[in-house]
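Both counts, for ligands and for their atoms, begin at 1 and track the order of listing.
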Amino acid sequence: MRIVLVGPPGAGKGTQAAFLAKNLGIPHISTGDLFRANISQGTDLGKQAKSYMDAGNLVPDEVTIGMAKDRMAQPDAEGGFLLDGFPRNVVQAEALDEALKADGLKLDAVLDLEVPEDEVVKRIAGRRICRTDSAHVFHVTYNAPKTEGVCDICGGELYQRGDDTEDTVRKRLEVYHSETEPIIDFYRAQGLVVTISALGKVDEVTERAMHALKAEKTA
Ligand code: AMP
């Protein structure tokens, strides 16, 4: 399956994407993770992306679209993929459609994770992520690790993302409403959107998502 995951920052896209990709046997492709990996490796691409990310803005399309296409062209993504954080505006959505069309392919579904705005700010401000595996996500109150600062799953160091501060979160939400939300209408016009609530326990949301995707597949 070829799936796009959309939802505001803090909806749990990264967490859900990791479980869904595993269940569906397809790679999880996160442009945010690709940028962060480039930043920690000190690449030119990472240097270009950093200031935009720190300010809560989108990295320019020229950089982002090329990087996403390169990743989708890897052999593990031949049979499908789950995109998390891409596309993030209509230009990127059009570029993705074009790239798939050129290979005679198309998306199967766009999974829209819905979450109230006040919940988003609470979730992000307390979020802590494992340096070893970004799919290991904790929260200081809602999902506290047994030992502060240490990942329960692999013992890695937990850290707060530089763009998870309250001011940057508000900026990222603004960008989500103005730039990213319009892609939901873009995909709705193609009959691809399935919306589910992202509230509740992680496994409940995963189950809801799997159910919605299966229903979409057999529709
Ligand atoms: P994420 O990990 O998906 O929350 O992404 C973190 C940050 O990386 C975003 O706030 C953007 O600055 C940048 N970013 C990730 N994906 C994209 C994209 N598709 N287009 C532009 N910027 C992106």
Asker: Nearest heavy atom to atom 5 (O) of ligand 1 wins, so pick from Arg88, Met67, Lys171.
Answerer: Arg88
Asker: Could you check if a side-chain atom of Leu158 sits within less than 4.5 angstrom of a side-chain atom of Val150, using non-hydrogen atoms only?
Answerer: no
Asker: Could you see which bit of Asp84 sits under 4.0 Å from ligand 1, with heavy atoms only: side chain, backbone, both or neither?
Answerer: neither
Asker: With a cut-off of 4.0 Å, which atoms of ligand 1 are near a heavy atom of Arg172?
Answerer: 4 (O)
Asker: Is it the side chain, the backbone, both or neither of Arg161 that has a heavy atom closer than 4.0 Å to ligand 1?
Answerer: side chain
Asker: Taking the six-membered ring of Phe138 as reference, does the cationic atom of Arg128 (NZ for Lys, CZ for Arg) lie under 6.0 Å from its centre and within 45° of its axis?
Answerer: no
Asker: Could you tell me whether the side chains of Ser134 and Asp33 share a donor-acceptor contact shorter than 3.5 Å?
Answerer: yes
Asker: Is there a side-chain contact between Asn89 and Leu58, using heavy atoms and a 4.5 Å cut-off?
Answerer: yes
Asker: Would you say ligand 1 has an N or O under 3.5 Å from any N or O of Gln92?
Answerer: yes
Asker: Any N/O of Thr31 closer than 3.5 Å to an N/O of ligand 1?
Answerer: yes
Asker: Does only the side chain of Arg36 get under 4.0 Å from ligand 1, or the backbone, or both, or neither? Count heavy atoms.
Answerer: side chain
Asker: Within the structure provided, determine whether Leu173 and Pro8 are in side-chain contact (heavy-atom separation under 4.5 Å).
Answerer: yes
Asker: For atom 19 (N) of ligand 1, what is the nearest protein heavy atom, given as residue, atom name and distance?
Answerer: Gly85 O, 2.8 Å
Asker: Is the shortest heavy-atom distance from the side chain of Ile3 to the side chain of Leu107 under 4.5 Å?
Answerer: no
Asker: For Asp203, is there an ion pair with Arg208 - N to carboxylate O distance below 4.0 angstrom?
Answerer: no
Asker: So which protein heavy atom does atom 23 (C) of ligand 1 come closest to, and at what separation?
Answerer: Phe35 CE1, 3.7 Å
Asker: If you take the nearest heavy atom of each of Val63, Ile39, Thr64, which one is closest to atom 18 (C) of ligand 1?
Answerer: Thr64
Asker: What protein heavy atom sits nearest atom 11 (C) of ligand 1, and how far off is it?
Answerer: Asn57 O, 3.5 Å
Asker: Is there a donor-acceptor contact under 3.5 Å linking the side chains of Gln16 and His28?
Answerer: no
Asker: Report the member of Met53, Lys13, Lys50 with the shortest heavy-atom distance to atom 7 (C) of ligand 1.
Answerer: Met53
Asker: Answer side chain, backbone, both or neither: which part of Val59 comes under 4.0 Å from ligand 1, heavy atoms only.
Answerer: both
Asker: Salt bridge or not between Asp84 and Lys13? Use side-chain N to carboxylate O under 4.0 Å.
Answerer: no
